[in-house]
Amino acid sequence: MAINSKLCMLHLFVLLATLTLQIEAKPGVCKPSGKVRGRKPPPGECNKAHDSECCEQGKLYTVFRCSPPITGSTKAVLTINGFEAGADGGGPSECDGKYHSDDTPVIALSTGWYNKGSRCHKMINIHGNGRTTKAMVVDECDSTQGCDAEHDYQPPCPHNIVDASKAVWKALGVPEDDWGNLDIAWSET
């Protein structure tokens, strides 16, 4: 009889734990997936253009396999990125293996929004600074990895980033001195 009581208590505990996890896991919430430890870049290996950050030895950086849910007006942070060879964006774009002119309105999306390339070469609307413009998705801003040669020794991207060429910033009418971070909303076209 003691074994049956213990077994019932174990089942009850598992049931309560499962219910608690289901209540706490809010649908549509993107939570961190882990951490990556920073490595000091070799001399000259981290491009600091556009005030890009280089990884610090031993520092832990948060990684995400998801992004916030996409709505009719998804909130994000617009950052600036170079898509040309030798720019701070690192290697060629994920969508086509090519570099793109920074005078063209192109963007990289955080890993979850990039969605394994399902948005490659699709246009999105970007709303910010009182204006709206369109830009084409050509790259992933990797939220799952960083601090290595492939990622130009830069930290992983946050989960809510639209990383844009200077053409996008110009189209939104943002003064060049203010390029870097801007709260925006974006939507699919």
Side-chain angles (χ1 to χ4, degrees), residues 41 43-56 61 63-64 67-68 70-189:
E45 290 296 312
C46 180
N47 188 331
K48 291 187 174 187
H50 301 125
D51 295 324
S52 293
E53 179 184 355
C54 295
C55 291
E56 295 177 31
Y61 296 91
V63 295
F64 294 88
S67 290
I70 296 174
T71 64
S73 183
T74 306
K75 292 184 180 187
V77 176
L78 189 72
T79 55
I80 186 160
N81 186 39
F83 292 86
E84 297 177 350
D88 61 316
S93 296
E94 285 293 318
C95 290
D96 54 18
K98 298 178 182 176
Y99 292 101
H100 296 268
S101 170
D102 289 332
D103 294 322
T104 304
V106 293
I107 56 117
L109 292 174
S110 293
T111 297
W113 291 334
Y114 180 74
N115 193 22
K116 300 177 184 164
S118 69
R119 291 191 171 79
C120 279
H121 299 119
K122 292 184 179 173
M123 301 298 283
I124 68 166
N125 295 311
I126 300 172
H127 317 280
N129 196 41
R131 294 188 184 182
T132 299
T133 192
K134 292 183 186 304
M136 184 171 54
V137 178
V138 297
D139 206 357
E140 172 185 17
C141 193
D142 198 338
S143 305
T144 66
Q145 301 177 60
C147 300
D148 56 14
E150 181 183 349
H151 298 91
D152 200 30
Y153 293 96
Q154 295 176 5
C157 221
H159 67 300
N160 62 338
I161 296 296
V162 174
D163 209 12
S165 65
K166 67 181 182 180
V168 173
W169 287 85
K170 285 180 179 180
L172 291 174
V174 179
E176 193 168 344
D177 289 345
D178 296 333
W179 292 359
N181 285 285
L182 179 68
D183 290 334
I184 61 155
W186 70 274
S187 60
E188 297 177 308
T189 58

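For the numbers below, each heavy atom of this structure counts, side chains included, while hydrogens, waters and symmetry mates do not. Since we're looking at a predicted model, the values are computed, not measured.
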Grab the two heavy atoms, one from E45 and one from D152, that are nearest each other, plus how far apart they are. O-OD1, 2.9 Å
What distance separates I70 CD1 from W186 CH2, expressed to the nearest 0.5 Å? 3.5 Å
Approximate separation, where rounding is to 0.5 Å, of S73 OG and H127 NE2: 5.5 Å
Separation of Y114 OH from T144 OG1 (nearest 0.5 Å): 11.5 Å
Got a second to check how far C141's SG is from Q154's CD, nearest 0.5 Å? 8.5 Å
Any side-chain heavy atom of Y61 sitting closer than 4.5 Å to one from E56? yes
With a 4.5 Å heavy-atom cut-off, do H121 and C95 have their side chains touching? yes
How about C46 and C54, are their SG atoms within less than 2.5 Å of each other? yes
Modelled atom types, side-chain donor and acceptor of H159 and S67, under 3.5 Å: no
Quick check against the 3.5 Å criterion: does W179 have a side-chain atom that pairs as donor or acceptor with the backbone of V174? yes
Could you report the tightest heavy-atom contact between I126 and A135, atom names first, then the distance? CD1-CB, 3.9 Å
Residue pair L78 / I184: nearest heavy atoms and the distance that separates them: CB-CG2, 3.8 Å
Flag, side chain of D163 to backbone of A108, donor-acceptor distance under 3.5 Å: no
Nearest 0.5 Å please: distance from the CD atom of E140 over to the OG atom of S93. 11.5 Å
Any heavy-atom pair between the side chains of L109 and V162 that's under 4.5 Å? yes
Atom pair OG (S165) and CE (M136), whose distance is rounded to the nearest 0.5 Å: 10.0 Å
Distance-only, no hydrogens or angles: does the N160 side chain make a donor-acceptor pair with backbone N or O of A76 under 3.5 Å? no
Could you report the tightest heavy-atom contact between T74 and W113, atom names first, then the distance? CG2-CZ2, 3.5 Å
Indicate yes or no for a side-chain donor-acceptor contact from T133 to the backbone of L172 under 3.5 Å, with no hydrogens or angles considered. no
Inter- and intrachain pairs under salt bridge (charged side-chain N to carboxylate O under 4.0 Å, His left out), touching residues 96-125, at least two apart: D103-K166, R119-E188
So does Q145 get a backbone contact from the side chain of D142, meaning a donor-acceptor N/O pair under 3.5 Å? yes
When you compare the side chain of P156 with that of S143, does any pair of heavy atoms fall below 4.5 Å? no
